[in-house]
K.L.:
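I'd like to ask some things about the structure below.
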Amino acid sequence: MTADVVPDHGVWFRVDNGATAGGVRRATERLGRQLELSADRVADLAIITAEITSNLVKHAREGTLLLRPARRNGRAGVELVAIDAGPGMADLTLSSTDGHSTVGTLGIGLGAIVRQASRFDGYSLSGRGTVLTVQVWDGPPPEPDWAAGLARPITGEQDSGDGYAVREVDGRRQVLVCDGLGHGPLAAAATGAAVAAFRSAPVGPPDVVVRHLHASISHTRGAALAVAEPDPATGLLRYAGLGNIAAMIVASGERRRGLVSLPGIAGHQRPAVRGYEYPFAPGSTLVMHSDGVVDRWDLDDYPGLAGRAPLLVAATLLRDAGVRRDDACVLVARGTA
C-alpha cells in the first residue's frame, strides 16, 4: 500500500518486489518532508529505505517494514522497523561504533544504512530471520527509549484494534497495552480513545489510571487493557489490568513471572479493578502483549536479545509469536533506558 499521511501508529508494508519497494521509499520521503526534516536528511532516508527494501526483496522471507513518525520531547523524526522471517544472517554485528565498517556477507548495504542513520540496531538469528530498527533525526538523536512497542493489524485491515502508549508524569513511568474488542475501525476507535485518555489521565498508580480509562471509553465498544509502572527506586513494578492482556516479568536466571489481569471489559459493566506489586530487580524486562500474540515465547531462545533495546525485542517477538488472523501488539519496558 501507499500512504499520503502516515499516522503516529505507523503503516505496515509487505515488501516482496521492486514496485512495492519503490512505493515504500516514496512514502518514507513524504513522511520526512511532512515532519520538516532537512533536505539532506530526507535524502538520507531515501538511501536507507532503498537499501532496506532491496535486501528484503532479494533475501528475505515474508519481509515487512513499519514506517512511522518518532516523536520525543517536542521533536520529530522517522522510524523504520524491518522484519523478515528468514533465513537470517549468522554474521550480523553491531559492534561497530563509528558506523563505517561491516563484516562478512553484509556488504555495503548495511554499511550505508548505519552511516546515514541517527540510530541503528539489529538482531539476526540464523534460520529465524532478522530485525532492523532505524531512526533518522535532524541533529543528535534523543536518549534511548526505556519502553517501546508496535502494533500490527489483522491481515486485510489497515487499522489495528490493538495499541500501546508510554508516558512519564510526575516521576512515574507508565505503559499501556490495549486490545479493542473485535477488529477494524470500531476496535481501533476504542483503543484510540483509551490511548488518548491514558496520556491525559490523572497522576496515580496503575489501578487509578485503569479506573479512569474505564470511565473514559464508555462510549466505545470497550477493550481489554492493562497499565504497568516500573519503579527502579523501590525495585517494584505496579500493575493493573482488565481482560485478556498478557504481561510477564523476565529476569536473568529466573523463569518469567506472569502478572494478574482481572476479568472484565474496560468501558462496560462495572469491573473490579485491583492493583498488584511485583519485584522488579535492576535489569528485569517487562513484556506485555495482546491475545494476538501467543504466549509460548521464551527469550532464552534468542541469545543476547534480552538485554537489547526494547523495540528490537518487541519486533522480534511480534515476528515469531504474532498471529496474522488477529490484531497483535507487543510492548517491552525496563526500569531505565
Side-chain angles (χ1 to χ4, degrees), residues 8-10 66-73 77-83 92 94 117-125 129-135 137 141-152 160 162-168 172-178 195 198-199 206 226-232 237-239 245-252 256-257 259 278 280-290 292-293 295 297-322 328-337:
D8 278 5
H9 57 75
L66 173 65
L67 166 66
R68 63 184 180 184
R71 303 187 189 277
R72 310 287 189 275
N73 303 318
V78 173
E79 186 166 68
L80 301 167
V81 182
I83 300 174
L92 176 61
L94 302 177
S118 301
R119 179 168 284 129
F120 168 86
D121 207 352
Y123 182 81
S124 189
L125 197 60
T130 302
V131 173
L132 301 179
T133 66
V134 175
Q135 289 183 353
W137 300 83
E143 291 297 313
D145 294 325
W146 62 274
L150 60 174
R152 184 181 65 197
S160 175
D162 294 356
Y164 73 95
V166 179
R167 76 170 190 166
E168 298 186 39
R172 291 180 180 268
R173 287 182 162 183
Q174 296 181 331
V175 294
L176 164 74
V177 169
C178 183
V195 167
F198 173 76
R199 288 175 173 154
V227 174
E229 178 184 297
D231 185 352
L237 183 136
R238 302 178 185 92
Y239 181 84
I245 299 296
M248 282 73 66
I249 294 173
V250 182
S252 178
R256 70 183 194 183
R257 180 172 186 173
L259 311 187
Y278 301 89
F280 198 68
S284 296
T285 298
L286 169 69
V287 179
M288 299 171 65
H289 59 76
S290 66
V293 177
D295 63 3
W297 54 266
D298 187 342
L299 287 186
D300 288 342
D301 294 337
Y302 303 89
L305 182 61
R308 303 294 296 279
L311 182 58
L312 202 65
V313 179
T316 301
L317 293 179
L318 180 67
R319 180 195 65 196
D320 291 349
C329 176
V330 182
L331 178 138
V332 174
R334 298 194 178 92
T336 56

K.L.:
Name all residues meeting the side-chain hydrogen bond (donor to acceptor under 3.5 Å, both in side chains) criterion together with Arg256; count only those two or more places apart in sequence or in a different chain, and write none if there are none.
P.N.:
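With sequence neighbours excluded, Arg256 shows a side-chain hydrogen bond (donor to acceptor under 3.5 Å, both in side chains) to no residue whatsoever.
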K.L.:
Does Pro310 have any side chain to side chain contact (heavy atoms under 4.5 Å, CB included) partners at least two apart in sequence or in another chain, and if so, which?
P.N.:
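Once residues adjacent in sequence are excluded, the partners of Pro310 under the side chain to side chain contact (heavy atoms under 4.5 Å, CB included) criterion are Ala148, Val332, Arg334.
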K.L.:
List for me each residue that meets salt bridge (Lys or Arg N to Asp or Glu O under 4.0 Å) alongside Asp295, sequence neighbours excluded, and say none if there are none.
P.N.:
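Applying salt bridge (Lys or Arg N to Asp or Glu O under 4.0 Å) to Asp295 gives none.
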K.L.:
Taking only residues two or more places apart in sequence, or in another chain, which ones meet Ser284 in a side-chain hydrogen bond (donor to acceptor under 3.5 Å, both in side chains)?
P.N.:
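side-chain hydrogen bond (donor to acceptor under 3.5 Å, both in side chains) check on Ser284 returns nothing, list empty.
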K.L.:
Suppose we screen for salt bridge (Lys or Arg N to Asp or Glu O under 4.0 Å). Which residues come up paired with Arg71, at least two apart in sequence or across chains?
P.N.:
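Partners of Arg71 under the salt bridge (Lys or Arg N to Asp or Glu O under 4.0 Å) test: Asp8.
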K.L.:
Applying side chain to side chain contact (heavy atoms under 4.5 Å, CB included), can you list everything that pairs with Pro232, at least two apart in sequence or on another chain?
P.N.:
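Per chain and number, Pro232 pairs via side chain to side chain contact (heavy atoms under 4.5 Å, CB included) with Thr336.
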K.L.:
Applying side-chain hydrogen bond (donor to acceptor under 3.5 Å, both in side chains), can you list everything that pairs with Asp300, at least two apart in sequence or on another chain?
P.N.:
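If we apply the side-chain hydrogen bond (donor to acceptor under 3.5 Å, both in side chains) test to Asp300, skipping adjacent residues, there are no hits.
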K.L.:
By side chain to side chain contact (heavy atoms under 4.5 Å, CB included), which residues pair with Ala147, not counting sequence neighbours?
P.N.:
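Counting only residues at least two positions away or on another chain, Ala147 forms a side chain to side chain contact (heavy atoms under 4.5 Å, CB included) with Val166, Val175, Ala333.
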K.L.:
Got a sec, which residues hit salt bridge (Lys or Arg N to Asp or Glu O under 4.0 Å) with Asp301, two or more places apart in sequence or on another chain?
P.N.:
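In terms of salt bridge (Lys or Arg N to Asp or Glu O under 4.0 Å), with neighbours along the sequence ignored, Asp301 is linked to no residue.
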K.L.:
Could I get the full list of side chain to side chain contact (heavy atoms under 4.5 Å, CB included) partners for Arg319, not counting sequence neighbours?
P.N.:
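With neighbours one apart ignored, the set is Ile83, Arg128, Val131, Tyr302, Thr316.
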K.L.:
Could you tell me which residues satisfy side-chain hydrogen bond (donor to acceptor under 3.5 Å, both in side chains) with Tyr278, sequence neighbours excluded, listed by chain and number?
P.N.:
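Here no residue qualifies.
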K.L.:
Working to the nearest 0.5 angstrom, can you tell me the gap between Asp231 CG and Gln174 CD?
P.N.:
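The CG atom of Asp231 sits 10.5 Å away from the CD atom of Gln174.
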K.L.:
Compare all side-chain heavy atoms of Arg72 with those of Asp145 and state whether any distance is below 4.5 angstrom.
P.N.:
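Yes; the side chains approach each other to less than 4.5 Å.
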K.L.:
Can you name the residues that form a salt bridge (Lys or Arg N to Asp or Glu O under 4.0 Å) with Arg257, not counting sequence neighbours?
P.N.:
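Testing Arg257 for salt bridge (Lys or Arg N to Asp or Glu O under 4.0 Å), a comparison that skips the adjacent residues, returns none.
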